[in-house]
Amino acid sequence: MGGLKRSHYCNELQQANVGDEIILMGWVLRRRDHGGVIFVDLRDLRGITQVVFNPEYNEKVHAKAHDLRSEWVLAVRGKVCARPEGMTNKNLQTGAIEIMVDELRILNTSPTPPFPLDEEKDVAENLRLKYRYLDLRRPKMINNLRLRHQAAHAIRTYLDENNFIDVETPILTRSTPEGARDYLVSSRVNPGKFYALPQSPQLFKQLLMIAGVDRYYQIVKCFRDEDLRADRQPEFTQIDMELSFVDEDDIMTIAEGMIQRLFKITLNKDISTPFKRMTYAEAMERFGCDKPDTRFGLELINLTETVRDCGFKVFASVVKKGGLVKSINAKGCATLSRKNIDDLTEYVAQFGARGLAWVKIKEDGEWQSPIAKFFTEAERNDMGQTLDAAPGDLLFFVADTPAVVHQALSELRLELGRRLNLIDKSVFDLLWVTDFPLLEYDEDEGRYTAVHHPFTAPHEDDLALLESAPGKVRSRAYDMVLNGTEIGGGSIRIHQKDVQNRAFAALGISPEEAKDKFDFLLRALELGAPPHGGIAFGLDRLMMILTASDSIRDVIAFPKTQRAACPLTEAPSPVARKQLTELHLRPDWKED
RNA sequence: GGAGCCGUAGCUCAGCUUGGUUAGAGUGCCUGCCUGUCACGCAGGAUGUCGCCGGUUCGAUCCCGGUCGGCUCCGCCA
């Protein structure tokens, strides 16, 4: 750089700097060559400054500026000048001034970049990912990275103020049963044995509580070898914490304070605490899901009892078989076309609904519906009353198993919310969902599995049910929900060995297997484990919401594609046979 | 494991329904002109494995099958 030192960033210079001699460094965003005067928009991570090469001001430098091209890297020494009358650019933070250049250093050149960086148009994502370092030069992307940094910083500061200490836990650890598929790492020095990358530092943070650490946190990578989604990556970041001698309220209060701080620092938004709370049972009943978006209505209404003995066999037989009939009253939506309704029927079909019954309430209160004829007038009145139906309304019904009814109507509700523009995007709607069931029955495995994880404490009132009615046991788990997205979840943990053994037994884990896989935990629990609990937040998902991104990939510097590949490094890649041999692995795939 | 959408110039896309001349547009790029632009302007120019393989056909960017890649979703994600 020939001894030049940057004096300012490209967003800083204002009217007050006029007359100053400054040095900027950055990339050529655009060059406008007027034959005489040449304008260059110089960009760095913070902004853009117009630099001017005028032959009358400095002929030698002007000549050199002819060669400049997009994304060349420059150091520019010059004088801050006020722009001529009427020439300010209101779209630019530095639009009041420009730099008359005395010295131009070309620090690096570049061929024409493979895609434009000026954000005028969307670019194919795999191209962006292949040249991610170019993509990240775009203001939106660098802003996302910066906001993520600010979020992490605010969280660390807050937790430090609250006596948490950051402790690192192993990335190479042991595979445990339950949960997601593990990423495995083979051990060179232990033939036939494997490490697993952590799905979360769950057991280590519990062991830290037993160690007396009292309050632990970590912003930490977690790994789950499952299929990707717009909001799911195989490696993702958790804000992980654990506290001793606390109950649910203590943890919720700490977590609320942290989220409050996060919003204040990153978006300067004031969030009021405490957050709303809702039990799992209420969330399912009213919204059909455990992470309700409560920014709008369209709640589910239970008609199971109303239609139990009705004339419509589809409904009545579902009820008889123990299923549910629920409805959504889309107020004032009778104007939706048959095509609209068909689209919605197709939409809910992907969630298992075999049909979507509907009724339009006409101006005279009569039903316009394919199923109207199956109901007596009394039944129609009964249903209309339960649903608060009025002329102009559109009623949707799903009758099926509780799981299908809830998922289908929950998704229908969200789709209606989006289509009807019912969601106020400026609102951040935070709530807790509590009292999750501890266990749920897995038909495929023929046993109960943990809804949260196997170390979650059962509700004390329900302890006796652990053996007699495992599905009825409530847990001491809680999720934090933001705008219908689960952003964090945690629980009070089991801190007594005998309770942990009973929980394992309920999960169908034999005492032998428990000893084999979790001996270290059981031993630790009996050596003076304090009551403890914690919570973990998905930092990536939080950042998605804070940046209003559609994809988790937009808040991760180097994300992976849906096939879990990195277009930039071309990971995963083949490895030399020698590496495999050292790891005692014998490939069963064809080598090139 | 399954469903849907997409793949044409460096980039963003049209063309494909109904197969047939030289495959287009905008932008970018190159050259020239231009001293106040800021998505500068004007004139000219170059640029295509129509993802790949196969089939049907006299003839395939277009129809069919397969395959590769990208995205969204279901399953999966304690």
Side-chain angles (χ1 to χ4, degrees), chain A residues 29-42 48-57 59 62 69-70 81 83-92 94-95 98 100 111-131 134 176-182 198-200 202-203 222-234 236 346-353 404 407-408 411 415 436 438-440 442 444-445 448-456 475 477 486 489-491 503 507 509 536 538 550-551 553 560-563 565 567:
Chain A
L29 176 62
R30 268 185 291 265
R31 180 187 62 121
R32 291 177 294 278
D33 185 345
H34 285 248
V37 68
I38 297 172
F39 300 98
V40 166
D41 290 337
L42 194 69
I48 294 165
T49 301
Q50 173 166 284
V51 298
V52 185
F53 300 91
N54 193 322
E56 286 171 10
Y57 182 81
E59 199 177 341
H62 172 262
R69 291 295 181 274
S70 287
C81 297
R83 291 196 183 190
E85 190 73 23
M87 293 294 168
T88 55
N89 184 345
K90 293 196 180 66
N91 300 320
L92 232 52
T94 56
E98 60 193 5
M100 298 303 285
T112 305
F115 54 88
L117 302 189
D118 55 10
E119 304 212 70
E120 294 302 325
K121 273 177 183 164
D122 285 338
V123 177
E125 201 177 1
N126 52 336
L127 194 66
R128 290 171 54 200
L129 292 182
K130 182 172 178 181
Y131 298 95
L134 298 182
T176 51
E178 307 290 309
R181 197 176 292 112
D182 283 324
Q199 297 178 28
S200 85
Q202 182 59 37
L203 289 173
C222 302
F223 306 86
R224 293 176 192 176
D225 186 4
E226 299 291 351
D227 286 350
L228 289 81
R229 288 285 190 281
D231 63 352
R232 259 162 47 187
Q233 284 271 304
F236 61 98
E346 201 176 311
Y347 185 74
V348 296
Q350 63 179 316
F351 305 104
V404 169
Q407 191 180 0
E411 296 293 345
E415 182 66 11
F436 281 79
L438 185 71
L439 305 163
E440 65 190 343
D442 185 321
D444 295 336
E445 296 207 27
Y448 283 94
T449 58
V451 169
H452 194 52
H453 57 55
F455 320 106
T456 301
S475 73
E486 181 203 324
S491 62
L507 289 167
I509 299 173
D550 291 327
S551 165
R553 296 180 297 277
K560 294 185 171 51
T561 65
Q562 196 161 52
R563 299 199 56 235

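Computed from heavy atoms alone, side chains included, the values below leave out hydrogens, waters and symmetry copies.
In this structure, L42(A) CG and L29(A) CG are separated by 9.0 Å, a value rounded to the nearest 0.5 Å.
When the P atom of rG41(B) is taken as reference, atom CZ of R31(A) falls 13 Å away, rounded to whole Å. When rounded to the nearest whole Å, the span between OH of Y347(A) and P of rC73(B) equals 9 Å. Separating the CZ atom of R232(A) from the P atom of rC73(B) is a distance of 9 Å, rounded to the nearest angstrom. The CG atom of D33(A) sits 11 Å away from the P atom of rU31(B) (whole-angstrom rounding). Taking atom CG of residue D118(A) and atom C1' of nucleotide rG10(B), one finds them 14 Å apart after rounding to whole Å. Regarding R30(A), its CZ atom lies at a distance of 20 Å from the P atom of rC11(B), rounded to whole Å. What separates CZ of F223(A) from P of rC77(B) is a distance of 19 Å, to the nearest Å. Atoms CZ (R128(A)) and P (rC71(B)) sit 11 Å apart, rounded to a whole Å.
Between E178(A) and L507(A), the closest side-chain pair of non-hydrogen atoms falls below 4.5 Å. Between S475(A) and V451(A), the closest side-chain pair of non-hydrogen atoms is not below 4.5 Å.
Contact annotation: Q562(A) does not reach the phosphate of rG4(B) (side-chain N/O to OP1 or OP2, under 4.0 Å). For rU72(B), the OP1/OP2 oxygens have no side-chain nitrogen or oxygen of R229(A) closer than 4.0 Å. At the phosphate of rU37(B), neither OP1 nor OP2 sits under 4.0 Å from any side-chain N or O atom of R32(A). The phosphate of rG70(B) has neither OP1 nor OP2 within less than 4.0 Å of any side-chain N or O from R553(A).
A salt bridge does not link E226(A) to R232(A): none of the charged side-chain nitrogens sits closer than 4.0 Å to a carboxylate oxygen. A salt bridge between D41(A) and R32(A) is present, with a side-chain N of the basic residue lying under 4.0 Å from a carboxylate O of the acidic one.
Across every strand in view, rC16(B) sits unpaired, with no contact that passes the Watson-Crick or G-U test at under 3.5 angstrom. In this structure, rC29(B) forms a base pair with rG45(B), meeting either the Watson-Crick or the G-U wobble geometry with both donor-acceptor distances under 3.5 Å. With a 3.5 Å ceiling on both atom-pair distances, rA60(B) lacks any Watson-Crick or G-U wobble partner. Partner assigned to rC71(B) is rG4(B), using Watson-Crick or G-U wobble distances below 3.5 angstrom. Across all strands shown, rU21(B) remains unpaired; no Watson-Crick or G-U wobble contact has both distances below 3.5 Å. Nucleotide rC34(B) has no partner under the Watson-Crick or G-U criteria, as no pair reaches both atom distances under 3.5 Å.
If you check every strand for non-hydrogen atoms under 4.0 Å, P114(A) touches sugar and phosphate atoms only. At a threshold of 4.0 angstrom between heavy atoms, the contacts of F455(A) with the nucleic acid are absent. Across all strands, L127(A) comes closer than 4.0 Å only to sugar-phosphate atoms, never to a base (heavy-atom distances). Q199(A) comes within contact range of no nucleotide atom at all, as no heavy-atom separation falls under 4.0 Å.
Aromatic ring orientation, Y347(A) versus F351(A): perpendicular (interplanar angle above 60°, classes split at 30° and 60°).
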- request: Carefully, step by step, assess D182(A) and Q199(A) under the rule side-chain contact (heavy atoms from CB on, under 4.5 Å).
  value: CA-CA 7 Å; D182(A) 283 324; Q199(A) 297 178 28; 2.6 Å; yes
message: Using the rule given for side-chain contact (heavy atoms from CB on, under 4.5 Å), can you reason through T112(A) versus R69(A), listing the C-alpha separation, both sets of side-chain angles and the distance that settles it, and then say yes or no?
response: CA-CA 8 Å; T112(A) 305; R69(A) 291 295 181 274; over 6 Å; no
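The ring of F39(A) has its center closer than 6.0 angstrom to the ring center of H34(A). Taking the centre of each ring, F53(A) and Y57(A) stay at or above the 6.0 Å mark.
For the pair G86(A) and G35(A), nearest-nucleotide mapping onto RNA chain B gives the more 5' position to G35(A). With RNA chain B read from its 5' end, the first of the two nearest nucleotides for Q407(A) and Q202(A) is the one closest to Q407(A).
Between rC71(B), rC74(B), rG69(B), one nucleotide has an atom nearer to the side chain of F351(A) than all others, and that is rC74(B). When each of rC38(B), rC77(B), rC11(B) is scored by its nearest atom to the side-chain atoms of R224(A), the top-ranked nucleotide is rC77(B). For A230(A), taking side-chain heavy atoms from C-beta onward, the closest of the listed nucleotides rC38(B), rC76(B), rC73(B) is rC73(B).
For a distance-only test at 3.5 Å, the side chain of R563(A) fails to qualify as a donor-acceptor partner of the base of rC71(B). With hydrogens and angles ignored, no donor-acceptor pair closer than 3.5 Å exists between the side chain of Q350(A) and the base of rG75(B).
For rU37(B), the base is not stacked against the aromatic ring of H34(A), per a cut-off of 5.5 Å between centres and 30° between planes. Under the stacking criterion of a centre-to-centre distance below 5.5 angstrom and an interplanar angle below 30°, F115(A) is not stacked against the six-membered ring of rC11(B).
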- request: Spell out protein contact along nucleotides 23-29 of chain B as letters: B when the base is contacted, S when just the sugar-phosphate is, - when no protein heavy atom is under 4.0 Å; keep the 5' to 3' order.
  value: ---B-SS
